[in-house]
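In the text below, chain A, chain B and the rest are named by the order of the sequence lines, each starting its count at 1.
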2 protein chains.
Amino acid sequence: MNFAILAGIAVCWTDRKQSPSRLLREVSKILEKLLNAIQNSPLTRKLSAFVALSENELAVLERLHKRRRSFVAGRDLVHQGQSKQAAYILAAGWACSYKTQPDGSRQIVDFQIPGDFLGLRSVLLHMSDHSIEPIVDIQAAEVLAGDLLGAFARTPRLATAILWAASRDEAMVVEHLVGLGRRDADERMAHFLLELGARLALVGMGSKGGYACPLTQYHLADALGLSAVHVNRVLRKLREDKLVTFRDGHVTFDNYDRLVALAQFDPTYLDHIGPILK
Amino acid sequence: MNFAILAGIAVCWTDRKQSPSRLLREVSKILEKLLNAIQNSPLTRKLSAFVALSENELAVLERLHKRRRSFVAGRDLVHQGQSKQAAYILAAGWACSYKTQPDGSRQIVDFQIPGDFLGLRSVLLHMSDHSIEPIVDIQAAEVLAGDLLGAFARTPRLATAILWAASRDEAMVVEHLVGLGRRDADERMAHFLLELGARLALVGMGSKGGYACPLTQYHLADALGLSAVHVNRVLRKLREDKLVTFRDGHVTFDNYDRLVALAQFDPTYLDHIGPILK
DNA sequence: CGCCAACTTGAACTTAGTCAAATGTCGTGG
DNA sequence: CCACGACATTTGACTAAGTTCAAGTTGGCG
């Protein structure tokens, strides 16, 4: 009995005859397992949205989610310069990775939402070049370097899928860099809010209408390279122009299309189909 | 007969007795091969500076350098949005990867110098999210996705070394992002010139005294998120302050230590020892 | 020689930062 | 219940950094 999810469509096949009732029973058992895996893990959900994962691969992925730990908001999970070998898969809550300068100012490099890896690069460099802070209380699965490499060796397709997700993250960092270098404050904010919405939509936490967002204006300032004061002004302007409203922990897109036009937002780099479905 | 280069020191050993003259002959043969490989390939040189590579791994690395091609300055090697599966190893010359915005402005994400990979991420995403432009005439070895994966499968240590180099590149992009978000124009320029110097020193093309640099002030402007006019002013100021001189395709550090202090340059993220020498 | 690209400089302008102060909100302890 | 502090948000007035526009200068090369 074989089973796979292909671009959202379940496919199953068998090479020998079976009674219909037995076939049905098996399929339903597998479906239940899959549903379980996908519902329990935003990472699985994210990867499944792009890449065909077999039952076996899903099982390996699930095994990576053992060793679950909780962390409280605000206390650094990893600190810049710390030598640490573990990565994490974020299961619930938001985090951000940032670097602090000697003069005290900080730059947020990226936000992580459920399904994202934390500190994958640190594992390879054997040293964290940045800090990671939980923005709210979070749940994360610790992944030891050895387990990850083991999983890669046993399921190369999964390895490719994870590397693909890492590449996608890197593409987002590049887009962020472009924003800091070549977009003014309004465009930067618009682009940021749109990108975050697109990412959240992938794990079922947002839509074109808006999304819940626990970030403070200080987080936005540190991410966008602006002062908190200016962030506030920009948000006011966007709100008054009926483009987007950021208020009380919630982002509401008042006019998605005009916002996309302002930000010159092109979600191509997020939308791409994965590398496995050839 | 075994042989390795370990942090710049050659090591050889054998498990059976051999006549001294024969041993000597073998060692000199191997040395010649290695010298050849290292001189011919800046990538080999870069990796060897951090990671112990065996004779076999060096041979595999050399094989990746077949299929050498030339490209003229200014004509895009890869274009944004292009679907392309090959990556390149830059053998000679300088290139830059950049993104252009719909409004025509461009942001240079990174410069590549000999020994760097071009478009490694594009291979995984099956699509280039940026363009690559040779700054001068360049020589690059085309690496097909298949060859790369084959080499990875046969020599996992080499795979780790290359992934490590890729992580290091990503760390540089992050540092660049921090610069755009949280450093003013002077610091940004100082930091950039220092980082470039450190990278070039790794492949023997620069020192604490300075280095040859084919970039124009427009390149600097596009990389640092400044206008070309302002780049000119910043360069003048740094020159007048006797910190660094950028002129006639040559960067000269007039006062390395004060420049490091101004830029708050911390080369930790470039200096790190590789992942294999545990 | 004349052209072109890179570089240089000045002046006016715009964006975003800094400083300062007021408002709002939430949870804690009296 | 209210007072209080901690923190996030909001607004205004002023300032500094960097852009834009415009007009040269320089140097290499056909």
For this session: Would you classify L226(A) as touching base, sugar-phosphate or nothing, given that sugar-phosphate means primed atoms plus P, OP1 and OP2, and contacts are heavy atoms under 4.0 Å?
Result: sugar-phosphate
For this session: Rounded to the nearest angstrom, tell me the gap between atom CD in E240(A) and atom P in dT9(D).
Result: 17 Å
For this session: Record whether the side chain of R239(B) comes under 3.5 Å of the base of dT8(C) through a donor-acceptor pair of N or O atoms.
Result: no
Problem set entry | Any N232(A) side-chain nitrogen or oxygen under 4.0 Å from OP1 or OP2 of dT9(D) | no
For this session: Classify the side chain of R182(A) versus the base of dT19(D) as yes if they form a donor-acceptor pair under 3.5 Å and no if they do not.
Result: no
Exercise. Any idea which of dC7(C), dG18(D), dA16(C) is nearest the H230(A) side chain?
Worked result: dA16(C)
Problem set entry | Rounded distance (Å) that lies between atom P of dC7(D) and atom CG of D248(A) | 20 Å
Problem set entry | Under 4.0 angstrom between Q217(A) side-chain N/O and dC7(D) OP1 or OP2 | no
Exercise. If you look at every strand shown and take non-hydrogen atoms under 4.0 Å, does G225(A) touch a base, only sugar-phosphate, or nothing?
Worked result: sugar-phosphate
Exercise. What is the distance, rounded to the nearest whole Å, between atom CG of L220(A) and atom P of dA16(C)?
Worked result: 15 Å
For this session: Would you check if the side chain of R69(A) reaches a backbone N or O of A140(A) as a donor-acceptor pair within less than 3.5 Å?
Result: no
For this session: Ignoring hydrogens and angles, tell me if any N or O in the side chain of Q107(B) forms a donor-acceptor pair with the backbone of A223(B) under 3.5 Å.
Result: yes
For this session: Would you give the length of the straight line joining atom CZ of F192(A) to atom CZ of R183(A), rounded to the nearest 0.5 angstrom?
Result: 12.0 Å
For this session: In whole angstrom, give the distance that lies between atom CD of E187(A) and atom P of dT15(C).
Result: 11 Å
For this session: Return the 5'-most residue of the pair R183(A), V229(A) with respect to DNA chain C, ranking by each residue's nearest nucleotide.
Result: R183(A)
Exercise. Rounded to whole angstrom units, what separation is found between the CZ atom of R233(B) and the C1' atom of dG10(C)?
Worked result: 8 Å
For this session: Calculate the interatomic distance between D184(A) atom CG and dT20(D) atom C1'; express it in whole Å.
Result: 15 Å
Exercise. With respect to the phosphate group of dT9(C), does any side-chain polar atom (N or O) of R236(B) fall under 4.0 Å of OP1 or OP2?
Worked result: yes
Exercise. Going from CD1 on I108(A) to CG on L177(B), what distance comes out if it is rounded to the nearest 0.5 angstrom?
Worked result: 11.0 Å
Exercise. Reckon S227(B) touches a base, only the sugar-phosphate, or nothing at all at heavy-atom distances under 4.0 Å?
Worked result: base
Problem set entry | Spacing of I135(B) atom CD1 relative to dA5(C) atom P, expressed in whole Å | 18 Å
Seminar exercise, completed: Atom OH of Y218(A) and atom C1' of dG17(C) are separated, to the nearest Å, by 14 Å
For this session: Mark yes or no for whether D241(B), through its side chain, and L243(B), through its backbone, hold a donor-acceptor pair below 3.5 Å.
Result: no
